[in-house]
Amino acid sequence: MKNRGYYDGFGGAFLPEILVATFDELEKTFLDAKNDPGFWQEYIDIMSTYSCRPTPLTFAENLTKYFGGARIYIKREDLNHTGAHKANNVIGQGLLVKRMGKKRVIAETGAGQHGVATATMAAKFGFQCTIYMGEVDVRRQRPNVFWMERLGAEVVTVREGTRILKDAINESFRDWVTNMDTTHYVLGTACGPHPFPEMVSFFQSIIGKEAREQILERERKLPARIYACVGGGSNALGIFQSFLNDPVELVGVEAAGKGLESGHHASRLSSKDASIGVAQGYKTYFIQNHDGQMKETHSVAAGLDYIGVSPILANFKETGRIRFEAATDKEVVEALALTLRKEGLIPALESAHAFAQAFKEASGMSKEDILIINQSGRGDKDIFTVADAFGDPKWQEFIRNKAEEYHA
Ligand SMILES: Cc1ncc(COP(=O)(O)O)c(C=O)c1O
């Protein structure tokens, strides 16, 4: 265990001895790059020519009128290349891989967004790429698997454990231990051993830097509240970081799944079902039993379906700087339906958690107040899940016809 990367007791780097030198190399490369103004400029150049940065801040006029309270703005991370904030992180780590001279990248993925983003980065920078994905997620996110494979990545289906994100992370670490000389593990969120939480948050901080400038330019004042969904915590930290020292209320929204009382959820910071422990190389709140065995989690959004959470966010829960809430699958699908109809926006199911919580609170706020919702990704990938949730009969007929075509 190293004595670095602690956030008041959360975090750290609980590593097998064999990986210590690899982590040291990564940390050194990251710190050198962070202190090199040329590196950030190179990063911004790529993000603005390859990934549509700066992403806009959209005024949601119709939703604002509908709720009759705070003025609602939406930070459009869905407009990144590959449709989510994940691009911010993978391009940053890709530049570090080039600096380290490695030629192969591996990644875990839940919703598939991080996997697709990593596969595009690998294609662009000429790296070999392997993506680990739980069997359950492979089944519910097939379109993303299709694209990862077309982009040249090998997608390995993980059949261990509960066959979701945490199991994909375990497999990625197993691969890394065997291939660390040639391979970098592009961890997809602000979790895992140090320096990942700090490094991923650093690359995602571009969201909040832009949002702060954009709202000040447009409204000449800061928002009263900012909402972001919380899986591992990277999009939330990305937008929150620039407002930590301002009088702005920061609200992280987790997955309440079938309800916090049901036991079928993925709420680590807003439920009583999580406790502090060490797993996957770091210390944070995990959804685990008394023996430290990880329990099953559930969310309609694959990207929020994870047992742990960023140690940086765990610390902000303790200090009270960030308020944590949770939205149920049902509330999320309703918020998605409303956003589609009122604004013509298609948030990812993950992002729709932030929308759902903001919608619960918007009408109780003053018309003078501003709230910002971070739309971390776009919902195209969720078409199968959302069509099921809406019970769309024409979609079911389309799928049946397709299946018949394949049988013919
Ligand atoms: C669109 C989208 N939003 C949010 C998340 C959750 O990740 P994080 O909490 O790291 O932002 C994911 C994860 O896959 C995602 O795909």
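Just so you know, ligand 1 is whichever comes first in the structure, and atom 1 is the first atom listed for that ligand. Position 1 is the first residue of the sequence; numbering continues from there.
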Novice: Establish, for the pair Lys34 and Phe202, whether the NZ or CZ atom is under 6.0 angstrom from the six-membered ring centre and no further than 45 degrees off its axis.
Specialist: yes
Novice: Is the NZ or CZ atom of Arg225 both under 6.0 Å from the centre of the six-membered ring of Tyr227 and within 45° of that ring's axis?
Specialist: no
Novice: Going by distance only, is there an N or O of Ala236 that falls short of 3.5 Å from an N or O of ligand 1?
Specialist: no
Novice: Under 4.0 Å from a heavy atom of Asn235: which atoms of ligand 1 are those, numbered in the order shown and with their elements?
Specialist: 4 (C), 8 (P), 9 (O), 11 (O)
Novice: If you measure from each non-hydrogen atom of Ser234 to ligand 1, which part falls under 4.0 Å: side chain, backbone, both or neither?
Specialist: both
Novice: Closest by any non-hydrogen atom to atom 13 (C) of ligand 1: pick that one out of His114, Glu108, Lys86.
Specialist: Lys86
Novice: Consider ligand 1: state whether an atom of it lies below 4.0 angstrom from any non-hydrogen atom of His85.
Specialist: yes
Novice: Do any nitrogen or oxygen atoms of Gly377 lie less than 3.5 angstrom from nitrogen or oxygen atoms of ligand 1?
Specialist: no
Novice: Looking at ligand 1, does any of its N/O atoms fall within less than 3.5 Å of an N/O of Thr189?
Specialist: yes
Novice: Check whether any N or O atom of Ser351, backbone or side chain, sits under 3.5 Å from an N or O atom of ligand 1, and answer yes or no.
Specialist: no
Novice: Could you check which of Gln204, His353, Glu350 puts a non-hydrogen atom nearest to atom 15 (C) of ligand 1?
Specialist: Glu350
Novice: Classify the ring geometry between Tyr43 and Phe203 as parallel (under 30°), tilted (30 to 60°) or perpendicular (over 60°).
Specialist: tilted
Novice: Mark yes or no for whether Ser351, through its side chain, and Gln375, through its backbone, hold a donor-acceptor pair below 3.5 Å.
Specialist: no
Novice: Any chance the rings of Phe23 and Trp176 have centres within less than 6.0 Å?
Specialist: yes
